[in-house]
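To keep things clear, I will list the structure first and then write my remarks on it.
The chains referred to below are lettered A, B, ... by the order of the sequence lines, with proteins before strands, and numbering in each begins at 1. Quantities reported herein were computed from a predicted structural model and do not represent experimental measurements.
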Amino acid sequence: MAEKLVLIDGHSILNRAFFGLPDLTNSEGLHTNAVYGFLNIMFKILEEEKPQYLTVAFDVHEPTFRHKMYDGYKGTRKPMADELRQQVPLMKEMLRSMGVTVVELPGYEADDILGTISHLAEQRGMQVSVISGDRDLLQLATEQIQIRIPKTKKTGTEIENYYAKDVLARYQVTPKEFIDVKALQGDTSDNIPGVPGIGEKTASALIAQYHSIEAVHEDAANVKPPRASKNILEYWDQAVMSKELATIILDAPVVYDFEQAKLDGIASLYTDEAYKMCKRLEFKNLLSRFEHADNAKEEALSFTILDNEMIANAFLLNLKSGFAFAFTQTETGIAISIADGEHLVYIPSTEQYEEQKLAAAFADAVIRIAKQDETAVFETAEVKKTLRYLLTHGISLNPYRNHFYDRTIAAYLINPTIGDYPYDLIAKDYLGQFLPSKDELIGKKNHEIETYLCHEANVTYRSYQLLLDRLDEMGMMQLFREIEMPLAFVLADMEQEGILMDKETLQEYGRTLQVSVDALESRIYEAAGEKFNINSPKQLGVILFEKMELPGAKKTKTGYSTSADVLEGLKGSYPIVADILEYRQLTKLKSTYADGLSNFVEADGRIRTSYNQTITATGRLSSTDPNLQNIPIRIELGKQIRKVFYPKAGCVFIDSDYSQIELRVLAHVSGDENLIEAFREGKDIHTSTASKVFSVPFDEVTTLQRRNAKAVNFGIVYGISAYGLSQDLGIGRKEAQEYIDQYFATYPKIKEFLDATVEDAKEKGYIKTMFGRIRPIPELSSGNFMTRQFGERVAMNSPIQGTAADIIKVAMIRVHDRLIQENYQARLLLQVHDELLIESPENEKEAVIALLEEEMRGAANLAVDLVVDTQIGKDWYEAH
DNA sequence: ACTATCACG
DNA sequence: ACGTACGTGATAGTT
């Protein structure tokens, strides 16, 4: 078999990739789509062809010689997009890091380099594949030289292949004749004039007949059509020059060393340097290629596995302060890093050394050190995980919580808008180190759980001071130490506690729903005249707005909108719409709540959510698996679900929620006397607002006026916009603006505050809550109007939502601690943003209510009182 | 993996 | 001319 050379037209393929892929950026903000696409095309080709040689050719941008720019993507030339230009040096760096030969030649185009090298290779008896997006290269095709043109399609990359015979078959001219076609036809993008009046069709036909422009010229008298006949004579000089321009040079003075271009298997491209670069550019898909390569890519992290009970125990007994640890629940084991990774230790639990024993020995070590050294700090990746693990073995570290540090919480406070803080990201951002990610280590092929855990521990240890310094600089030390860290312990206890759920009743409820769903389903099919999937917005949209021709069709980018606010307007006139809305409601209740929650009930009859403390941009918590912060309440049928949440024997539920906490925070931070006064009067705030805004006595406020005032109050908190308010109230934008103006006239300092907040945020790039929590708002400096508007609403909302979140967190810690310190059996179970649910023994309830309300009210000292409403019940339905 | 929808505050 | 109310998570359908 002949040896094979793959030649890539660098700019052309980069250009193809750039336009064929959506804009990708890495977290540094570098545009990466073209580089990514290039590598994908290159790897695909290499895997297919397994060549012995590989070379990429680039144009050198020397304007004096450049009669054309990059390969023909579009007929008209625009300057290269900035986002693409930036990627050219990245691409070259990537190729260099892979050891790929890159050829550039001043004064010549990439085409000429490709032509010359492929010609050389052919003379040596090699097979050549030239990869380009440019059809001009088809003139190079021979029996040995194949031109391959990749096309990015929905289904992936498809490649058109041309040997000389394929060119003839497709274009009815030989590769050499292709030059002559172009000489006649011209190419504006390449500044080739051609012959006026001869276009694509005529040019091809003439060359197919005469085989060269010279032959056409000679027989000009007989050439049809007459316009071509005339012009070939008149513009002959121009035609000759065009032919010259269109001809790719085959003997450019390229210095080319075949030995250097040798490719020692595809795996030889997977170098350490290339791996790091893929990591930096965040090419997650490509990284997997590196793992499958035989040669190891990482300096191995060295650590010791202590799987012997005696040795592990001895180690734990000798442990002194100054370590970081990490662990995971599935493959139970603990990784400990001491003294900057010099002593990385992984202790797995085994059949001999059971989890229970390991957990106890580990906790003993922590407690011993904490008692010996009051400055000792235990650095964890995610402390709540560790705490849950220990709690399942009956161990609580609550008394020692001031000794703990949580890397993920620290990173979250520094930038709460990311949502995910894996160790490899922390290592990159704070240590400038590129580590394999968790997925790479525990992927399909690798099962290096120990390595993963040791990286966790090591990164935690080594980034500790850097993160802490950053928190200090940003003024968030107190927030971190006094709120977020203690809260993690509170949340661990709440999660571990869980909440009892009557699974039988819930399932019965589900069966009842199903009966109604079935009935609705057949009625909908009947009205529609056919069966279809009601759950498919696509199918539903077609049925309603095409087949049944309902009015008011609103389009989304995928089809018709069938959302509730569209259907709501139609349900009066079309019974099928009312049925669909009810069907939606019932199936939602069935799938998400009846079926969904049932699956989470554990053996002890309790259901345990997970609180995520590091996900929201504002500082709120979120709840998952299952989400217990969105249990239905607004509609009675859904609210029934709350009856299956019940307290254990001898206990009741005590449920307290803050009344209008966000508006109270707003009154405080704005200092608006009128709003403060309204709260001090203690009357219904929406009615009071209506009374002031519409200048009517309090007792004469109509329900409509109250409803409007309430909507405006919400709007203010969300970062008011006339459009948003008009949508909510179903009124005109102008009218909505009038409401807003009247509102601001009533509460002038609120407007001042909101304006000042936005202004400040624009200047600083972030907002701050009362407790010092920050949220960056990069949207404010966007060039896009809509994005900027969004940034302004966020700037108005976040300090309010965030401060309210801070306040309830303080309350949670205080309530939790008092319940324990004062020896109550009652326990905090749930938090729902402005609401706390406690399970309390009957005989404690009065005291616990008093305690709960006291701590919730006292969590912050505002210009207005924090008012708390409390209810007691035998289930969550009654208690809220 | 993304989109549409809808549950909560 | 533009076209969204703020913050989440789960499910089903589609790609």
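- Here A/K555 does not reach the OP1 or OP2 of B/dA4: none of its side-chain N or O atoms lies under 4.0 Å away.
- Heavy atoms from other residues, nucleotides or ligands lying under 6.0 Å from CZ of A/F714 number 12 at most.
- Under 3.5 Å, the side chain of A/R793 and the base of C/dT4 form at least one donor-acceptor pair of N or O atoms.
- Heavy atoms of A/A617 sit under 4.0 angstrom from primed sugar atoms or phosphate atoms, though from no base atom.
- For A/N533 and B/dA4, the CG to P distance is 16 Å, given to the nearest whole Å.
- Between A/E582 and A/R523 there is no salt bridge, since none of the side-chain N atoms of the basic residue sits less than 4.0 Å from a carboxylate O of the acidic one.
- Among the atoms of the strands shown, none is found under 4.0 Å from any heavy atom of A/N612.
- Among the atoms of the strands shown, none is found under 4.0 Å from any heavy atom of A/A805.
- Residue A/T562 has a polar side-chain atom (N or O) positioned under 4.0 Å from OP1 or OP2 of B/dT5.
- A straight line from NZ of A/K639 to P of B/dC6 spans 22 Å, rounded to a whole angstrom.
- By the 6.0 Å contact criterion, CD on A/E546 is enclosed, its count of non-hydrogen atoms from other residues, nucleotides or ligands being greater than 12.
- Among the heavy atoms of the strands, none lies under 4.0 Å from A/V717.
- When distances run from any side-chain atom of A/Y718 to the nucleotides C/dC6, C/dG9, B/dA4, the shortest one goes to C/dC6.
- As rounded to the nearest Å, C/dC2 and B/dC6 have P atoms that lie 27 Å from one another.
- Ionic pairing of A/E662 and A/R620 is present here: one or more N-O contacts between side-chain nitrogen and carboxylate oxygen are shorter than 4.0 angstrom.
- Side-chain contact annotation: A/N713 with A/H686, donor-acceptor N/O pair under 3.5 Å present.
- Checking B/dC8, C/dT15, C/dT8 against the side-chain heavy atoms of A/P632 singles out B/dC8 as nearest.
- A distance of 7.0 Å separates CD1 in A/I631 from CZ in A/R642, rounded to the nearest 0.5 Å.
- Close to C/dA5, at under 4.0 Å from its OP1 or OP2, lies no side-chain N or O of A/S721.
- The distance between atom CD of A/Q539 and atom P of C/dG13, rounded to the nearest whole Å, is 9 Å.
- When heavy atoms are screened at a 4.0 angstrom cut-off, A/Q801 is found touching base atoms of the nucleic acid.
- Looking at heavy-atom distances under 4.0 Å, A/G719 makes no contact with the nucleic acid at all.
- Nearest to the side-chain atoms of A/A711 among the listed nucleotides B/dG9, C/dG7, C/dA5 stands C/dA5.
- B/dC2 and C/dA5 have their C1' atoms separated by 24 Å, with the value rounded to a whole Å.
- Within the nucleic acid shown, A/L589 has no heavy atom closer than 4.0 Å to any nucleic acid atom.
- When the P atom of C/dC2 is taken as reference, atom CD of A/E792 falls 20 Å away, rounded to whole Å.
- OP1 or OP2 of B/dT3 has not a single side-chain nitrogen or oxygen of A/T558 nearer than 4.0 Å.
- Comparing atom distances between the A/R584 side chain and each of B/dT5, C/dG3, C/dG13 picks out B/dT5 as nearest.
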### Query
Which is it for A/Y747 and A/Y743 under the ring pair (Phe, Tyr, Trp, His ring centres under 6.0 Å) test, yes or no, and what are the steps along the way?
CA-CA 6 Å; A/Y747 303 116; A/Y743 185 94; 4.9 Å; yes

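- Where A/P416 and A/F600 each meet DNA chain C at their nearest nucleotide, the meeting point lying more 5' is that of A/P416.
- Nucleic acid contact for A/D728: base, since at least one base atom lies under 4.0 Å from a heavy atom of the residue.
- Phosphate proximity of C/dG7 to A/R775: present, with a side-chain N or O under 4.0 Å from OP1 or OP2.
- Remark: P of B/dC8 and CD of A/E636 are 12 Å apart, rounded to the nearest angstrom.
- Using the Watson-Crick or G-U wobble rule with both distances under 3.5 Å, C/dA1 pairs with nothing in any strand shown.
- Across all strands shown, A/I633 has heavy atoms under 4.0 Å from sugar-phosphate atoms exclusively, and none from any base.
- A salt bridge links A/R511 with A/E508: the distance from a Lys NZ or Arg NE/NH1/NH2 to an Asp or Glu carboxylate oxygen falls below 4.0 Å.
- Note: CZ (A/R664) to P (B/dG9) measures 17 Å, nearest angstrom.
- Residue A/L621 is out of contact with every strand shown, counting any heavy-atom pair closer than 4.0 Å.
- Note on A/S798: nothing from the nucleic acid sits closer than 4.0 angstrom, heavy atoms only.
- Side-chain nitrogen and oxygen atoms of A/R620 include none within less than 4.0 Å of the OP1 or OP2 phosphate oxygen of C/dT8.
- OP1 and OP2 of B/dT3 both lie 4.0 Å or more from every side-chain N or O belonging to A/T556.
- If you measure from atom CD1 of A/I661 to atom P of C/dC6, you get 21 Å, rounded to the nearest angstrom.
- A sub-4.0 Å separation between OP1 or OP2 of B/dG9 and a side-chain N or O of A/Q831 is absent.
- Taking the charged nitrogens against the carboxylate oxygens, A/K762 and A/E792 do have a contact shorter than 4.0 Å, which makes a salt bridge.
- No hydrogens or angles were tested; on distance alone, a donor-acceptor pair under 3.5 Å links the side chain of A/N630 to the base of B/dA7.
- For B/dC2, the paired nucleotide is C/dG13, the pair qualifying as Watson-Crick or G-U wobble because both relevant distances are below 3.5 Å.
- When rounded to the nearest whole Å, the span between CD of A/Q613 and P of C/dT8 equals 15 Å.
- Across the interface with DNA chain C, nearest-nucleotide mapping of A/H833 and A/D595 shows A/H833 to be the residue nearer the 5′ end.
- A distance of about 26 Å separates the C1' atoms of C/dG3 and B/dA7, rounded to the whole Å.
- The shortest distance between the side-chain N/O atoms of A/R634 and the OP1/OP2 oxygens of B/dA7 is not below 4.0 Å.
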